[in-house]
Number of protein chains: 2
Amino acid sequence: MRTKTKSGAPALPLNQIVSGDCIEVMRSLPEASVDLIFADPPYNLQLKGELHRPDNSRVDGVDDAWDSFDSFSTYDRFTNEWLAAARRILKPDGAIWVIGSYHNIFRVGAALQNQGFWILNDVVWRKSNPMPNFRGKRLTNAHETLIWASKSDSSKYTFNYEALKALNEDVQMRSDWVLPICTGHERLKDEKGDKAHPTQKPQALLHRVLVGCTDPGDVVLDPFFGSGTTGAVAKMLGRDWIGIERDKGYIDVAEKRLSKVVAYDKGSLEVTRPKRAEPRVPFGQLVERGLLRPGEKLTSLNGRHVARVRADGTLVAERVTGKANPVGAVLNGSIHKVGATLEGAPSCNGWTYWCFRRDGKTVPIDALRQQIRSELR
Amino acid sequence: MRTKTKSGAPALPLNQIVSGDCIEVMRSLPEASVDLIFADPPYNLQLKGELHRPDNSRVDGVDDAWDSFDSFSTYDRFTNEWLAAARRILKPDGAIWVIGSYHNIFRVGAALQNQGFWILNDVVWRKSNPMPNFRGKRLTNAHETLIWASKSDSSKYTFNYEALKALNEDVQMRSDWVLPICTGHERLKDEKGDKAHPTQKPQALLHRVLVGCTDPGDVVLDPFFGSGTTGAVAKMLGRDWIGIERDKGYIDVAEKRLSKVVAYDKGSLEVTRPKRAEPRVPFGQLVERGLLRPGEKLTSLNGRHVARVRADGTLVAERVTGKANPVGAVLNGSIHKVGATLEGAPSCNGWTYWCFRRDGKTVPIDALRQQIRSELR
DNA sequence: TCTATACTTGAATCAGCAG
DNA sequence: ACTGCTGATTCAAGTATAG
């Protein structure tokens with residue numbers, strides 16, 4: 001562990017967790033000494049009451065004291081202070097990553113710009129397994145936002161373009177990253193088996209950030225260290241790290257975690273990537289994209305049934321009048337459901353069952369799905 | 001076209017493009033008169049060497065740090081002014097969508113929150129075919145961000161949850177939308193074959209916003225109308241629209257475009273309705289109508305509890321004797337209350353929880369409610 | 001040991017109406 | 001504005017249990 005620099009300047013507490021308030025601690029560190037800062041500040045969630053799942057189980061929300069601020073202006077003051085302290089210790093060519101949600105990220109982004117940081121990208125972490133919206137009142141909140149910014153617009157920031165491209169099947173890395181949330185064995189638990197930290201980030205996220213924006217031997221600082229994901233990945237990747245954390249309990253968790261982390265041997269980088277399945281295309285997209293018009297008539301493959309497209313991507317069919325349905329009731333639902341009901345079958349692949357007409361020809365709607373899939377590749 | 005309201009208040013210029021500065025025009029419109037605003041404001045792109053104010057005047061070159069600060073504060077002033085004007089004309093239960101990139105969206109989001117708008121979701125438009133980063137210096141900027149906010153935290157905003165779920169293969173719609181950028185036939189061209197507007201948005205994006213957040217007949221206003229995508233999709237979907245645009249050239253393009261747009265037929269615009277919209281049927285009606293007899297035995301879905309129907313439409317259950325209730329007290333109340341108490345749950349939908357027996361089969365009482373509802377139609 | 005089913009959980013600003 | 005009652009609402013993974 002380094003304790004003194006050659007120049008005699010105050011030393012950096014490398015590969016340690018420093019206990020205390022991150023603003024004070026950062027102010028005590030030497031200026032222009034850190035290559036990268038990764039920050040996961042409080043999101044300032046404003047939860048009102050309790051939330052239950054449809055099965056009546058209670059959602060364990062983030063109601064910790066550290067996430068509570070009495071107003072936007074209190075939160076803004078806090079944000080400006082820690083960002084200013086972070087800016088001071090960054091090297092001129094250094095950079096910062098901050099992660100947040102819509103509750104706080106707009107205020108953080110504006111503060112970054114106001115202080116002279118230069119935004120390089122905003123990155124969307126698309127969660128493959130987010131928590132749904134249980135009451136059906138909003139969209140599933142399925143992503144979080146990261147901001148990547150250099151210290152100034154003239155910084156020669158580190159960007160390992162080729163490494164990220166290699167991580168992405170040799171295609172340029174994009175600003176949207178699909179990654180699962182942190183669960184399973186990676187999620188740290190306490191003695192009772194409960195989660196040790198409410199907002200532990202997945203290592204894969206940090207892996208991508210550190211591979212892309214640091215080199216081995218760089219100094220990475222995390223002012224909101226929490227369960228220590230930044231330190232764990234930095235250690236694995238042979239980067240020096242500094243963690244700052246206020247909560248003794250989290251420090252214990254992180255220290256235990258870091259003691260078990262083994263650095264990769266140099267030159268080895270895991271490259272296992274699952275093969276991608278064909279992307280799912282909702283039928284509604286054909287309507288949204290204008291490939292089929294609401295009101296347009298679809299015919300079944302056998303020609304016996306007709307249905308019309310609606311603006312929300314469902315079909316409406318006039319049911320044939322018969323014993324089971326003397327009034328000819330209207331039938332509405334997905335392409336699969338309507339097809340199955342009309343055929344009296346347990347299931348039906350609507351993509352190959354329903355056809356539309358173009359230029360005098362009858363074509364299964366699956367052709368339109370193929371068209372969309374080819375655009376996605 | 002409407003020109004005067006019954007009350008004599010100034011009329012809304014429905015289904016027209018109003019020429020002029022959007023701040024001034026919005027200030028001239030009646031307050032609390034618009035259901036939804038969709039805004040695609042200038043992005044304040046900071047291309048090196050040239051800084052532009054929102055009014056397109058060039059910022060004189062000064063010291064870099066001061067220069068950028070000046071640019072941000074000018075942009076913030078502009079943002080706050082148009083948002084305030086937009087807020088005034090929004091109905092109390094109205095909502096706003098704003099689209100932007102990392103250059104401006106953080107400032108827009110913070111301004112929205114500062115003015116009292118209540119953010120409902122931030123949505124990521126993930127472009128399936130973005131422009132690559134040619135120099136390999138950053139990540140491919142493959143998305144834009146939209147913010148959906150209601151006028152206040154108490155607004156009863158419109159959200160057609162079921163319709164968006166239907167558009168997405170019967171899975172809850174998420175906050176990340178994969179859609180291609182506007183190209184091909186949809187992209188408007190001028191006489192020379194060049195693109196008629198630099199940032200024309202795809203119709204699919206507006207389709208999703210308008211199907212999800214408005215009903216037919218709602219008033220949708222776009223203060224930065226541009227090539228008129230908002231108006232075109234609103235017209236197709238049977239919504240009233242108002243466009244405001246400063247540039248005569250864009251007005252010509254949009255007017256030509258709008259004149260060719262054909263609205264979908266009304267029947268196709270109907271969208272899957274929420275269950276709440278169904279007429280309410282008090283449980284007591286099942287007893288009154290003789291569908292259930294007083295004294296009849298109901299069983300819980302899981303088979304663990306039994307209750308009897310009373311003549312006033314309440315249930316009586318013998319509570320299971322146990323530690324918490326050594327005397328096995330009698331429990332009486334609504335189908336919901338009795339179910340919730342027996343399960344120890346915060347709430348319970350008695351309609352799907354309680355079952356009765358007919359012809360040897362166990363059926364949820366909700367089937368009887370369905371029967372009454374179908375008679376009401 | 002393998003398979004199928006059941007249960008648990010995740011940074012959440014998560015209801016609407018009648019009286 | 002407040003109170004109280006009705007009754008609507010979830011997706012993907014991982015782990016635990018049963019067969």
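Lettering of chains follows the sequences in order, A, B, ..., and the numbering in each one begins at 1.
Side-chain proximity of A/L45 to the nucleotides C/dT13, C/dT9, C/dA11 is greatest for C/dA11. Which of D/dA8, C/dT13, D/dT6 sits closest to the side chain of B/S334 comes down to D/dT6. In the set D/dG7, C/dT13, D/dT10, the nucleotide with an atom closest to the side chain of A/L47 is C/dT13. Which of C/dA12, C/dG16, C/dC14 sits closest to the side chain of A/V62 comes down to C/dA12. Distances were taken from every side-chain heavy atom of A/D67 (C-beta onward) to each of C/dC17, D/dT9, C/dA11; the shortest belongs to C/dA11. Set against C/dT9, D/dT9, D/dT15, the side chain of B/E162 has D/dT9 as its closest nucleotide. Proximity note for B/Q172 (side chain, C-beta onward) versus D/dA13, D/dT10, C/dA12: the nearest is D/dT10.
Distance check on atom C1': D/dT6 versus C/dT13 gives 25 Å, rounded to whole Å. C/dT1 and D/dG19 have their C1' atoms separated by 13 Å, given to the nearest Å. Remark: the separation of the P atoms in D/dA12 and C/dC14 is 23 Å, to the nearest Å. For the C1' atom pair drawn from C/dT8 and D/dT10, the interatomic distance equals 13 Å after rounding to whole Å.
A/N141 comes within 4.0 angstrom of sugar-phosphate atoms only, judged by non-hydrogen atoms across all strands, and of no base. At the heavy-atom level, B/R280 lies under 4.0 Å from the strands shown only through sugar-phosphate atoms. Within the 4.0 angstrom heavy-atom criterion, base atoms lie near A/G61. Residue contacts shown for B/I335 are absent, as no nucleic acid heavy atom lies under 4.0 Å away. Using a 4.0 Å heavy-atom cutoff across all strands shown, A/W125 reaches no nucleic acid atom at all. Residue-level contact check: A/H52 touches neither bases nor backbone, having no heavy atom under 4.0 Å from any strand. Using a 4.0 Å heavy-atom distance criterion, A/P180 is classed as making no nucleic acid contact. If you check every strand for non-hydrogen atoms under 4.0 Å, A/G49 touches a base. A/P41 comes within 4.0 angstrom of a base, heavy atoms only. Using a 4.0 Å heavy-atom distance criterion, B/C348 is classed as a base contact. Among the protein residues, A/K189 comes within range of no part of the nucleic acid, since none of its heavy atoms lies under 4.0 Å from any strand. Contacts of B/T352 with the nucleic acid, taken as non-hydrogen atoms under 4.0 Å apart, are absent. Nucleic acid contact class of B/D153 (heavy atoms, under 4.0 Å, all strands): none. Using a 4.0 Å heavy-atom distance criterion, B/R369 is classed as a sugar-phosphate-only contact.
Using a 4.0 Å cut-off, no side-chain N or O of A/K137 falls inside it from OP1 or OP2 of C/dT13. Checking the phosphate oxygens (OP1, OP2) of C/dG10, a side-chain nitrogen or oxygen of A/K195 falls inside 4.0 Å. B/Y161 has a side-chain polar atom (N or O) that falls below the 4.0 Å cut-off from OP1 or OP2 of D/dT10. Applying the 4.0 Å criterion to OP1 and OP2 of C/dA11, one finds that A/N44 has every side-chain N and O outside that range. Taking only side-chain nitrogens and oxygens, A/T183 never comes nearer than 4.0 Å to OP1 or OP2 of D/dG14. For D/dA8, neither phosphate oxygen OP1 nor OP2 lies less than 4.0 angstrom from any side-chain nitrogen or oxygen of B/H336. A sub-4.0 Å separation between OP1 or OP2 of C/dA11 and a side-chain N or O of A/R187 is present. Applying the 4.0 Å criterion to OP1 and OP2 of C/dC14, one finds that A/N133 has every side-chain N and O outside that range.
Rounding to whole angstrom units, CG of residue B/N168 and C1' of D/dA12 are separated by 14 Å. In this structure, the CD1 atom of A/I105 is 15 Å from the P atom of C/dT13, given to the nearest Å. Taking atom CD1 of A/I181 as the reference point, atom C1' of C/dA12 lies 13 Å away to the nearest angstrom. When rounded to the nearest whole Å, the span between OH of A/Y75 and P of C/dT13 equals 15 Å. Rounded to a whole Å, the CG atom of A/L179 is 17 Å from the P atom of D/dA12. Straight-line distance from the CZ atom of A/R126 to the C1' atom of D/dA13: 18 Å, rounded to whole Å. Per the geometry, CZ belonging to B/F159 stands 17 Å off P belonging to C/dA12, to the nearest Å. Rounded to an integer number of Å, the gap from A/R135 CZ to D/dT6 P is 16 Å.
By the 30° and 60° cut-offs, the orientation of the rings of B/W97 relative to B/W148 is parallel. Relative ring orientation between A/Y75 and A/F69 is described as perpendicular, the plane-to-plane angle rising above 60° on a 0-90° scale split at 30° and 60°.
Base pairing of D/dG7 is not made with any nucleotide, judged by Watson-Crick or G-U wobble geometry with both donor-acceptor distances under 3.5 Å. The pairing partner recorded for C/dA11 is none, the criterion being a Watson-Crick or G-U wobble arrangement whose two distances lie under 3.5 angstrom.
Checked for salt-bridge contact, A/D60 and A/K195 meet the test: a charged N lies under 4.0 Å from a carboxylate O.
Between the side chain of A/D190 and the backbone N or O of A/K192, at least one donor-acceptor pair lies under 3.5 Å.
Base orientation for C/dT13: syn, the chi torsion being within 90° of 0.
Aromatic rings of B/Y157 and B/W118 (six-membered ring for Trp) have centroids beyond the 6.0 Å cut-off, not under it.
Counting only heavy atoms from C-beta outward, the side chains of A/R107 and A/N44 never approach each other to under 4.5 Å. Inter-residue side-chain proximity for A/Q285 and A/R280 is flagged as unmet; no heavy-atom pair is nearer than 4.5 Å.
For a distance-only test at 3.5 Å, the side chain of A/D40 qualifies as a donor-acceptor partner of the base of C/dA11.
Looking at which nucleotide of DNA chain D each of A/T140 and B/G350 is closest to, the 5′-most match is held by B/G350.
For the residue pair A/R257 / A/T229, a side-chain donor-acceptor distance below 3.5 Å is found, with atom types taken as modelled. Of the N and O atoms on the side chains of A/H103 and A/S101, at least one donor lies less than 3.5 Å from an acceptor on the other residue. A donor-acceptor contact under 3.5 angstrom links the side chains of B/T314 and B/N332, judged on distance only.
With centres under 5.5 Å and a plane angle under 30°, the ring of B/W118 is stacked against the base of C/dT13.
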